[in-house]
Engineer: 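The structure under discussion is supplied below as structure tokens; questions concerning it will follow.
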Amino acid sequence: MSDPPVVIWEDEVRELLTYSALVPRLEEALGHFSRRDSAEVIQPVRTTVALQKHRGFLGLMPTYMENLGVLSTKFVCFYNREAGSTLPATQATVVLLDPEYGNVKAVIDGEVITRMRTAAVSAISAKLLMRPEAEVLAILGTGIQALSHYNVFTEMFSFKEVRVWSRSKERAERFRDLVRGPVTLCVSAEEAVRGADAIVTVTRSTEPVLFGRWVKPGAHVAAVGACRPDWRELDDVLMKEAVVYADSREGAMAESGDVILSGAEMFAELGDVINGTKAAHREKTTVFKSLGMGVEDAVSAKLVFDQWKAKHSQP
Ligand SMILES: NC(=O)C1=CN([C@@H]2O[C@H](COP(=O)(O)OP(=O)(O)OC[C@H]3O[C@@H](n4cnc5c(N)ncnc54)[C@H](O)[C@@H]3O)[C@@H](O)[C@H]2O)C=CC1
Ligand SMILES: O=C(O)C1=NCCCC1
């Protein structure tokens, strides 16, 4: 009989996970994923089950990384909530299994993992694709992901200004009160992004909120929301003018309205750039379309579990 699984919940995950430990593991995982070597990664495109009555979806994200000895799946529910709803946009849990025996080793809160690994991957896209002299960051949206993106982008880069836009003045002010650092609140998305060197879109919008005509040539955009084939955050002009990168080519072709509906060509995966098989076009306007991948959750969960074991084996 195997031991019962350990349960590692939100406060403990927050304590165990740091961007400095997470970022190199995610870079390595993105590189492994793009090599398409089944001993390194088996990660099918997310399966989604519509929760029509609740305007949501259940996403199942199984992943096996043989060389790392990691078998996991994330269950993530995400919703297209009514405007003004205070219910969460996503809820997630990661289950870590023993690949040899098949038993569940740990059930881990997926909220902190989702917010930190998503923001960390956007920061990796900026590390690879943003101009090194970048001074101004703009964030569209002021929710959970906006906060984690603010945290990791200001930890990894030295921006002179961080601008933020929300449709609601109250939410923008709450965001300013929550962050540890300066932020300029903007009254429109256009005001926030005009002249910005890096732009992060982290809204629940299903229509474009960022338009190519506002974007400074050579800027880098990390587009994180709009994870359904008929949802948009970016307009056709931006998608067609930019060099487009994604976390997963298959994921973007199946799930990204910005990619599918614009007909934009996808140039490369981030992992291709990490592996040196595709160029990083820092000199051009670039879009990184993030959908989220199981490998990101798998290496994050392994890190949490390893740290948890180290902490609990201490005398
Ligand atoms: N790519 C990935 O790996 C992941 C993507 N996501 C996606 O990122 C987005 C943000 O997630 P959270 O920060 O957790 O959500 P949240 O609910 O905490 O924040 C959403 C933000 O979008 C704003 N918003 C809602 N509707 C809008 C509209 N029509 N126009 C402009 N702004 C609007 C809200 O005011 C809020 O500031 C969601 O679309 C979510 O599905 C979330 C997790 C992972
Ligand atoms: O990868 C994830 O986790 C998510 N991706 C898109 C929608 C919400 C969660």
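When a ligand or atom number is given, it counts from 1 through the structure's own listing order.
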Engineer: Can you list the atoms of ligand 1 that are under 4.0 Å from a heavy atom of G225?
Structural biologist: 7 (C), 8 (O), 9 (C), 39 (O)
Engineer: Please indicate whether any nitrogen or oxygen in F78 is less than 3.5 Å from any nitrogen or oxygen in ligand 2.
Structural biologist: no
Engineer: Answer yes or no for R36 and F33: cation-pi contact, defined as NZ/CZ to six-membered ring centre under 6.0 Å and angle to ring axis within 45°.
Structural biologist: yes
Engineer: Measuring from non-hydrogen atoms of M61 to any atom of ligand 2, is the shortest distance under 4.0 Å?
Structural biologist: yes
Engineer: Looking only at protein heavy atoms, which one is nearest to atom 25 (C) of ligand 1, and how far off is it?
Structural biologist: R167 NH2, 3.4 Å
Engineer: Taking side-chain contact (heavy atoms from CB on, under 4.5 Å) as the criterion, tell me which of T201, T203, I139, T114 meets it with Q145.
Structural biologist: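 Looking at T201, T203, I139, T114, the match for Q145 under the side-chain contact (heavy atoms from CB on, under 4.5 Å) is T114.
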Engineer: Give the atom numbers and elements of ligand 2 that come within less than 4.0 Å of a heavy atom of G292.
Structural biologist: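 Answer for ligand 2: 1 (O).
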Engineer: Closer than 4.0 Å to some heavy atom of G292 - which atoms of ligand 1 meet that?
Structural biologist: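 Heavy-atom distances to G292 below 4.0 Å select 1 (N), 2 (C), 3 (O).
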Engineer: Looking only at heavy atoms, is any part of E207 under 4.0 Å from ligand 1, and if so is it the side chain, the backbone, or both, or is it neither?
Structural biologist: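 The answer is neither.
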Engineer: Could you tell me whether R117 approaches ligand 2 through its side chain, its backbone, both or neither, with non-hydrogen atoms closer than 4.0 Å?
Structural biologist: side chain
Engineer: Please identify which atoms of ligand 2 are closer than 4.0 Å to at least one heavy atom of T90.
Structural biologist: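 Ligand 2 atoms under the 4.0 Å threshold to T90: 8 (C).
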Engineer: Flag the pair R174 and E170 as a salt bridge only when some basic side-chain nitrogen lies within less than 4.0 angstrom of an acidic carboxylate oxygen.
Structural biologist: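 Answer for the salt bridge query: no.
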Engineer: Give me the residue, atom name and distance of the protein heavy atom closest to atom 9 (C) of ligand 2.
Structural biologist: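 Result: V76 CG2, 3.7 Å.
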Engineer: To which protein heavy atom is atom 18 (O) of ligand 1 closest, and what is the distance rounded to 0.1 Å?
Structural biologist: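 For atom 18 (O) of ligand 1, the nearest protein heavy atom comes out as I144 N, 2.9 Å.
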Engineer: Could you tell me the residue and atom name of the protein heavy atom closest to atom 17 (O) of ligand 1, and the distance to it rounded to 0.1 Å?
Structural biologist: R204 NE, 2.7 Å
Engineer: What protein heavy atom sits nearest atom 19 (O) of ligand 1, and how far away is it?
Structural biologist: G143 CA, 3.3 Å
Engineer: Is the number of heavy atoms from other residues, nucleotides or ligands within 6.0 Å of NZ (K278) greater than 12?
Structural biologist: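 More than 12 within 6.0 Å, yes.
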Engineer: If you count the atoms of ligand 2 from 1 in the order shown, which ones are under 4.0 Å from a heavy atom of T114?
Structural biologist: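 The atoms of ligand 2 under 4.0 Å from a heavy atom of T114 are 3 (O).
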Engineer: Tell me, which protein residue and heavy-atom name are nearest atom 41 (O) of ligand 1, and how many Å apart are they?
Structural biologist: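 Answer for atom 41 (O) of ligand 1: T90 CG2, 4.3 Å.
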Engineer: Using the salt bridge (charged side-chain N to carboxylate O under 4.0 Å, His left out) rule, pick out the option among R117, R115, K302 that qualifies with D297.
Structural biologist: R117
Engineer: For the rings on F288 and Y245, is their centre-to-centre separation under 6.0 Å?
Structural biologist: no
Engineer: Does atom CD of E207 have more than 12 heavy-atom neighbours from other groups under 6.0 Å away?
Structural biologist: no
Engineer: Say whether R117, considering both its backbone and side-chain N or O atoms, lies within less than 3.5 Å of an N or O atom on ligand 1.
Structural biologist: yes
Engineer: For E135 and E161: C-alpha separation, side-chain torsions, deciding distance, then whether side chain to side chain contact (heavy atoms under 4.5 Å, CB included) applies.
Structural biologist: CA-CA 7 Å; E135 292 186 343; E161 186 183 13; over 6 Å; no
Engineer: Should the proximity of H149 to ligand 1, defined as any heavy atom under 4.0 Å, be assigned to the side chain, the backbone, both, or neither?
Structural biologist: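 Within the 4.0 Å criterion, H149 makes no contact with ligand 1.
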Engineer: Out of all atoms in ligand 2, which are within 4.0 Å of some heavy atom of R46? Include the element for each.
Structural biologist: 1 (O), 2 (C), 4 (C), 5 (N), 6 (C)
Engineer: Any nitrogen or oxygen of S290, main chain or side chain, under 3.5 Å from a nitrogen or oxygen of ligand 1?
Structural biologist: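 Among all N and O atoms of S290, at least one is under 3.5 Å from an N or O of ligand 1.
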Engineer: Heavy-atom distances under 4.0 Å are what count here, so tell me which part of T118 touches ligand 1: side chain, backbone, both or neither.
Structural biologist: side chain
Engineer: If you have a sec, work out which protein heavy atom is nearest atom 9 (C) of ligand 1 and how many Å separate them, to one decimal?
Structural biologist: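 Looking only at protein heavy atoms, the one closest to atom 9 (C) of ligand 1 is T203 O, 3.3 Å.
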Engineer: What part of K74 sits under 4.0 Å from ligand 2 if we count only heavy atoms: the side chain, the backbone, both or neither?
Structural biologist: side chain
Engineer: What do we get for T114 next to ligand 1 when only non-hydrogen atoms under 4.0 Å count, side chain, backbone, both or neither?
Structural biologist: side chain
Engineer: When D197 is tested against each of R131, K160, K216 for side-chain hydrogen bond (donor to acceptor under 3.5 Å, both in side chains), which residue passes?
Structural biologist: K216
Engineer: Record the part of T118 in heavy-atom contact with ligand 2 below 4.0 Å; permitted values are side chain, backbone, both and neither.
Structural biologist: neither
Engineer: Evaluate the ring planes of F153 and H149, with Trp represented by its six-membered ring, and classify them as parallel (under 30°), tilted (30 to 60°) or perpendicular (over 60°).
Structural biologist: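 Ring orientation of F153 relative to H149: parallel.
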Engineer: Which heavy atom of the protein is the closest neighbour of atom 7 (C) of ligand 1, given with residue, atom name and distance?
Structural biologist: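 Checked against all protein heavy atoms, atom 7 (C) of ligand 1 sits closest to V224 O, 3.7 Å.
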Engineer: Under 4.0 Å from a heavy atom of G141: which atoms of ligand 1 are those, numbered in the order shown and with their elements?
Structural biologist: 37 (O)
Engineer: I need the atoms of ligand 1 closer than 4.0 Å to a non-hydrogen atom of T142, numbered in the order shown.
Structural biologist: 37 (O)
Engineer: Which is it for R171 and ligand 1 at heavy atoms under 4.0 Å: side chain, backbone, both or neither?
Structural biologist: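 The answer is the side chain of R171.
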Engineer: With respect to R232, which candidate in D236, D230, D235 satisfies the side-chain hydrogen bond (donor to acceptor under 3.5 Å, both in side chains) definition?
Structural biologist: D236
Engineer: Less than 4.5 Å apart, any side-chain heavy atom of E191 and any of W165?
Structural biologist: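 No, too far: nothing below the 4.5 Å cut-off.
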Engineer: Do me a favour and list the nearest non-hydrogen protein atom to atom 11 (O) of ligand 1 with residue, atom name and distance?
Structural biologist: Q145 CG, 3.7 Å
Engineer: I'd like to know if D11 and R14 make a salt bridge, using a cut-off of under 4.0 Å between side-chain N and carboxylate O.
Structural biologist: yes
